[in-house]
Every structure is written in C-alpha cells, then in structure tokens.
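Side chains included, hydrogens not; waters and symmetry mates left out as well; all remaining heavy atoms used. As the structure lists them, so they are numbered: ligands from 1, and atoms in each ligand from 1. Starting from 1, each residue takes its place in the sequence as its number.
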Amino acid sequence: MNDTLPIIDISGLSASSKADRAVVAKMLGRACRDTGFFAITGHGVPAGTMRALFDASRRFFALPEPDRAALSIHRHGNNRGYFGLAEERLDPGAAPDRKEGFNIGLDLAADDPEIGRPFRGINPWPALPGWRETMLAHFERCLSIGRILHRGFCLDLGLPEDFFAPALDRSLATLRLLRYPAADGVATEAPGAGEHTDYGNITILAVEGVAGLELRRRDGVWIEAPCVEGAFIVNIGDCLMRWTNDVYVSTPHRVRVPERERLSIAFFLDPNPDVVVSPINGDASALRRYPPITGADYLRSRLDATYDPPAVRDPGDVPVKGAPSAV
Ligand SMILES: O=C(O)CCC(=O)C(=O)O
Ligand SMILES: [Fe+2]
C-alpha cells in the first residue's frame, strides 16, 4: 500500500440510489479492512464552522490555569471535564502524554433519569459566551456523520443499513478538545500522545493543519497521517473491530510532540451502554472470536484492565498491550 490515507467523499452515502451508496460503502470497507484509517470529505461541515470550532477551543486553552483546573475531570467524574499536561499516559511503557484536553459527553439535564448510571453525568462548562452551544453543535454533527458512516459499513458488511442505528441513539460518545504544546527545543522523552488504539467504534478527528499524528501500517511501518484540507480523519476503534469479528481493524497510532502548538478535536463514537456487542458472523457462532458483551461492560473491562486506579481514562482510548491488535 502507499504512504497516504485514502480520501473518501462520503456525500454519496446520502444518495437515494442504493447502487450509489454502495460505491462509497465499498471504498469505506476497503479502508476499514486495511489500515482502519481514512480521510473523509463531502461531510457537509463548512470550513468556517470548523474555524469557529478551533477558535472556541483556543479560547478555552487560553483561560487562566485555575479556571481550567476548576473544571477538572477528577472533580466532575464521568469522563467529563479538563485534564492537564502529563495527566494521561496512553502508552503505559512511555512517559505521560504532553497534551492537555477537555472532554464533553452526552449533554444531560440535572434531572435526567440516566444521571448516576455508568458514564452518565453532567457536563461542566467554562464561562465563555456561546461556547457550550458551539461544542454541542459539533457533538451532534459528529454523531450524525458517525451514524451515516455506520450505514455505509452495513452496506459493505452485507447487513441491513440500519443495523447499528439502535445501538447509537444513546451513545457513550465523547467529544475531546486536545492541545499539544510546541516542542520549544525542550528535550523530552514524553510523546504528544503515546501509542494506543481507540476503544470505541470510530473516531472522527479534526486537525488544523499541524502534523503530528502517526499510524502503524499493517506491515509495521509507521507513517504520518496527512492533514487533508477540509477533511476529517476517521479511524476504527477496538469495539467495532470486535463487533465485526476482526473484519475491520483498529490500528495503533500516536502523536509526536509538534514543532508548533497543535490543536485537534476528536469525537469518539462508542455504542449505547446497554447494547450487546456480539460479533457479526452470520449464524456461525462457533467462529465468533469474542463472546457478546454490553457496551458499558466492555468499556469498563478495558479501563479496569488497563488502569490502576482507573482515574482519568477516556472511553475513547485504550493503550496497546502486548501484540498489536491490527497486524
Ligand atoms: O490528536 C490527534 O491527532 C489524535 C489523538 C488521539 O489519537 C486520541 O486522542 O485518541
Ligand atoms: Fe487515538
């Protein structure tokens, strides 16, 4: 394979003709079986909207440290809020990550009956005018792109196109703003983000043009993910790999410390907590590589197996342990 990611225009997934949708689905399927990484265009999000989103992210990271710390993920729990530099270590064999971030989950009202259930909680918000609305609009946008992509996956996998729809309507999704400070000539062992695979079904990543994301091809060679103007980078996570019985692959990736400050915005699409993730393999249950498990139990098991204590972890990610899952 070559050194770049496939760039897939996904607008055809909304075509009225199934044959047209299938053309895109086939391209998606090929990428999902290969590196599990691809860039998408034709997603309908205007460049100005993305600029405003990154401006909002920059405003957050420019807040005084005490204001950010007041929103700490430790204080708020449920994987929501702020974490500072070196508070997360995606590769347990490496130094902590040189990045800070802010996580936003499904936005629930204080009296929502789901509050208190695993990974359900109230989002803390910074006191920045219009900020919450900007972020929630992007959350919804990514959810809808994620659902459309799943329809394409279904077509590729020979499933009814709405197969995943009921599994993604109360998703454990997380929108995560990330800031990687510039190297600034400081000698450090720390990565921007250590090598890991993502936990969920898919990750939809926006970058602003500063390179740094690297992924490991199936032949073991690390390549840089190109910054494609106007595109999101999508990658398959461990949950969808499991769900597809390893037909789709989640691929190890990492972020190197960038030459200049780098902002990225990741959306991790995990399934509903109570959905049963049962590997898709027709009726040949004997050939299933994994037992069925609920979305929430799978998340919990991965976090518990990886972290002690499982404090700041993001359901979007798990570090790579032992043999890489995708080669
Ligand atoms: O910032 C990036 O480019 C990727 C971040 C990432 O892989 C993650 O947070 O899971
Ligand atoms: Fe990741």
Atom name, Asp198 (N, O or S, nearest to the Fe ion (ligand 2)):
OD1

Using only N, O or S atoms, tell me which atom of His253 is closest to the Fe ion (ligand 2).
NE2

Atoms of ligand 1 close to [X] [distance to a heavy atom under 4.0 angstrom, numbered from 1]:
| X | value |
| --- | --- |
| Leu178 | 1 (O), 5 (C), 9 (O) |
| His196 | 6 (C), 7 (O), 8 (C), 10 (O) |
| Val255 | 1 (O), 2 (C), 3 (O), 4 (C) |
| Phe268 | 8 (C), 9 (O), 10 (O) |
| Arg262 | 1 (O), 2 (C), 3 (O) |
| Tyr180 | 1 (O), 2 (C), 4 (C), 5 (C) |

Give a yes or no on whether a salt bridge exists between [X] and [Y], defined as a side-chain N under 4.0 angstrom from a carboxylate O.
| X | Y | result |
| --- | --- | --- |
| Asp156 | Arg33 | yes |
| Glu208 | Arg51 | no |
| Arg132 | Asp107 | yes |

I'd like to know if the side chain of Asn272 pairs up with that of Ser171 as donor and acceptor (distance under 3.5 Å, no hydrogens or angles considered).
no

According to the interplanar angle, ranging from 0 to 90°, do the rings of Phe232 and His138 count as parallel (below 30°), tilted (30 to 60°) or perpendicular (above 60°)?
tilted

With sequence neighbours excluded, what pairs up with Asp246 under the salt bridge (Lys or Arg N to Asp or Glu O under 4.0 Å) test?
Arg289

Mind checking whether Lys99 has an N or O less than 3.5 Å away from an N or O of ligand 1?
no

Does the gap between the ring centers of Phe268 and Tyr199 come in under 6.0 Å?
no

For the rings on Phe60 and Phe102, is their centre-to-centre separation under 6.0 Å?
yes

Applying a strict under-4.5 Å side-chain criterion to I, L, V, M, F, W and Y, I'd like to know whether Ile122 and Leu136 cluster together.
yes

Heavy-atom pairs closer than 4.0 Å: do any link ligand 1 to the side chain of [X], the backbone, both, or neither?
| X | value |
| --- | --- |
| Ser264 | side chain |
| Leu205 | side chain |
| Asp198 | side chain |
| His253 | side chain |

